[in-house]
Student: 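Below are the structure tokens for one structure; questions will follow.
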Number of protein chains: 2
Amino acid sequence: MHTILKSNTKQVTIGIDKPFVTIGEKLNPTGLKKLGKALEENNMDYVKQLAQRQVAWGADVLDVNVGHPGIDEIEMMAKVVEAVLSVTDVPLCIDSNEPKILEAGLKLAPGKPLVNSVNGEEKQLSTILPIVKDRGAAVIGLTIDDDGIPATAEKRLAAAGIVIERAAKIGIPIEDIIIDPLVMTVGADSKAATVTLETIRLVREKFGVNINLGASNVSFGLPDRPTVNSAFLSLAIQAGATCSITDPIKLGGTIRATDLLLGKDDYSMRFLKYFRATEKLKEQEAAAK
Amino acid sequence: MHTILKSNTKQVTIGIDKPFVTIGEKLNPTGLKKLGKALEENNMDYVKQLAQRQVAWGADVLDVNVGHPGIDEIEMMAKVVEAVLSVTDVPLCIDSNEPKILEAGLKLAPGKPLVNSVNGEEKQLSTILPIVKDRGAAVIGLTIDDDGIPATAEKRLAAAGIVIERAAKIGIPIEDIIIDPLVMTVGADSKAATVTLETIRLVREKFGVNINLGASNVSFGLPDRPTVNSAFLSLAIQAGATCSITDPIKLGGTIRATDLLLGKDDYSMRFLKYFRATEKLKEQEAAAK
């Protein structure tokens with residue numbers, strides 16, 4: 001099953017038989033103080049720089065989130081999308097759970113964007129899915145139900161089923177649903193990652209849909225986070241994940257190495273090309289400093 | 001199934017329900033020029049230093065290989081084993097395919113050592129297995145048959161079966177056989193790693209034995225080898241590998257992160273302990289320079 005995202009000039013195909021797709025996570029002020037400050041100051045230069053840098057480091061899609069206190073987020077979403085579009089041409093992932101903010105981003109995003117996200121709570125299903133349908137977008141469905149994040153893989157599978165069923169009812173095709181099985185930190189619960197890996201297997205087996213991961217949560221509160229995140233991404237890709245909202249700069253090498261190891265990169269072409277490009281980027285960035 | 005290795009004071013248990021076991025690979029002059037030179041010069045200080053450093057960085061077992069042109073390898077094996085035993089107390093893995101060199105190492109190795117390796121070729125089976133049996137050692141069995149390294153996972157499974165069957169015939173218990181499904185470089189063949197991962201699954205399913213990997217071959221000829229090796233180790237551990245002859249300094253973090261993610265490290269205790277210990281080692285090694 002293929003989920004197709006489009007910008008004006010580019011098409012990204014997400015599928016188990018395709019290279020893993022990286023959705024750049026950095027355009028999100030949560031956890032990136034400097035971006036929050038830039039938004040407060042209407043500093044679109046920093047936004048543009050973050051967009052360009054992620055694409056240079058191999059992001060196939062860019063997530064855009066403007067959730068930040070003290071700013072008009074509807075207006076800001078439009079501004080940030082315009083700024084990003086002025087310097088890059090990858091498909092966008094519009095990230096909010098506020099319908100009006102989503103609409104502001106989706107109106108300006110060209111081609112076929114992705115929506116991040118809907119979940120299995122009744123309120124979200126009834127407000128977000130119609131917006132996705134109207135725009136002809138694809139959407140990430142989180143495995144959350146009205147009782148929160150289920151503790152077991154079976155219940156997360158059921159939550160995924162609710163999203164897929166409700167989307168089908170209003171005419172969103174199943175290939176436009178990407179399920180995100182959620183991952184909590186293994187620092188707090190040593191079974192946190194195995195539940196997610198098992199959910200990936202169950203969702204793929206039952207529905208065959210694409211699977212997204214926000215791969216950085218898994219290491220929250222732990223030291224040496226890139227090592228934990230890298231290992232988790234490799235495990236998740238082997239289990240059946242097909243895209244991730246993550247840091248292309250820290251995890252681009254691991255993603256391409258895993259594709260190579262799983263037989264998805266003939267003659268190591270993508271891996272070698274990425275290595276050469278990022279070696280050059282490292283030099284340029286070091287020189288710029 | 002548990003494979004138990006012993007030194008005079010320590011016991012290492014290899015098993016799917018146990019933390020992944022690291023067998024330090026560095027006491028091997030192939031690919032480590034400086035060690036070759038040290039052996040030529042009878043410089044046991046360098047040997048001792050390599051042994052201690054690997055154990056400090058988390059090696060559970062040490063591989064000892066003295067294959068080098070221009071030296072008496074039988075004599076050297078005894079010397080190196082004695083040097084290693086004078087500074088560390090982990091179980092040893094005696095590494096040679098020459099019966100007399102193996103015997104020289106096995107005579108001095110205390111407790112219950114590991115032998116690296118035997119394969120499914122008639123000549124090896126008939127010379128190596130009796131030595132393993134006499135010493136009461138465990139042994140790594142490579143999935144090679146009289147025609148070489150099979151191209152398919154099914155044929156590698158058959159080669160593993162030959163080793164296990166022949167070992168059983170002379171009374172070596174199946175838990176003392178660790179199968180190594182071999183991995184070639186993905187730089188030359190994009191299916192090289194998937195064949196190995198599939199062999200791991202088949203061998204575990206059919207025989208339930210422990211699985212070893214020489215995890216560094218996979219990246220031969222490629223740039224950014226630690227990233228490829230790390231990703232491969234994570235994939236292999238998820239597939240069912242239980243130990244690896246590898247570099248504890250470069251891969252210790254990935255191994256502990258993967259155990260943590262696979263639910264084998266309650267409260268992240270091992271991961272955190274390793275992080276703290278290696279941070280201290282990094283400081284000490286930097287200061288020593």
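Just so it is clear, the structure is predicted and the values come from calculations on it, not from any experiment. Every chain is numbered from 1, with letters handed out A, B, ... down the list of sequences.
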Student: Using non-hydrogen atoms and a 4.5 Å limit, figure out which bit of Ile237(A) sits close to chain B: side chain, backbone, both or neither.
Tutor: neither

Student: Between Thr227(A), Leu235(A), Leu272(A), Thr258(A), which shows the greatest number of heavy-atom pairs under 4.5 Å with chain B?
Tutor: Leu235(A)

Student: Using a cut-off of 6.0 Å, state whether more than 12 heavy atoms not belonging to Met184(A) lie near its atom CE.
Tutor: no

Student: May I ask you to name which of Ala188(A), Ser219(A), Ala257(A) has the most heavy-atom pairs under 4.5 Å with chain B?
Tutor: Ala257(A)

Student: Below 4.5 Å from any heavy atom of chain A, which atoms of Ser268(B) appear? Answer side chain, backbone, both or neither.
Tutor: side chain

Student: Against chain B, label Phe232(A) side chain, backbone, both or neither, depending on which of its atoms sit under 4.5 Å from a heavy atom there.
Tutor: both

Student: Which region of Leu222(A), side chain (C-beta onward) or backbone (N, CA, C, O), has a non-hydrogen atom less than 4.5 Å from a non-hydrogen atom of chain B, or is it both or neither?
Tutor: side chain

Student: Quick one: are Val228(A) and Phe271(B) in side-chain contact, heavy atoms under 4.5 Å?
Tutor: yes

Student: Atom CG in Leu261(B), atom CG in Asn229(A): separation rounded to 0.5 Å?
Tutor: 9.0 Å

Student: For chain A, which residues of residues 193-203 of chain B have at least one non-hydrogen atom nearer than 4.5 Å to it?
Tutor: Ala193(B), Thr194(B), Leu197(B), Arg201(B)

Student: So what's closer than 4.5 Å to chain B heavy atoms on Asp224(A): side chain, backbone, both or neither?
Tutor: both

Student: Counting only heavy atoms closer than 4.5 Å, note whether Ser230(B) contacts chain A via side chain, backbone, both or neither.
Tutor: neither

Student: Looking at Ser190(A) and Asp265(B), what are the two nearest heavy atoms and their distance?
Tutor: CB-O, 3.7 Å

Student: Pick one of side chain, backbone, both or neither for Val183(B), based on which atoms fall under 4.5 Å of a heavy atom in chain A.
Tutor: neither

Student: Should we say atom CZ of Phe220(B) is surrounded by more than 12 heavy atoms from elsewhere, each under 6.0 Å from it?
Tutor: no

Student: Just wondering, more than 12 heavy atoms not from Lys155(B) lying within 6.0 Å of its NZ?
Tutor: no

Student: Mind listing the closest non-hydrogen atom pair of Pro223(A) and Phe275(B) along with its distance?
Tutor: CB-CE2, 3.3 Å

Student: Could you tell me which portion of Asp266(B) (side chain, backbone, both or neither) has an atom closer than 4.5 angstrom to a non-hydrogen atom of chain A?
Tutor: both

Student: Which of residues 277-289 of chain A have a heavy atom under 4.5 Å from any heavy atom of chain B?
Tutor: none

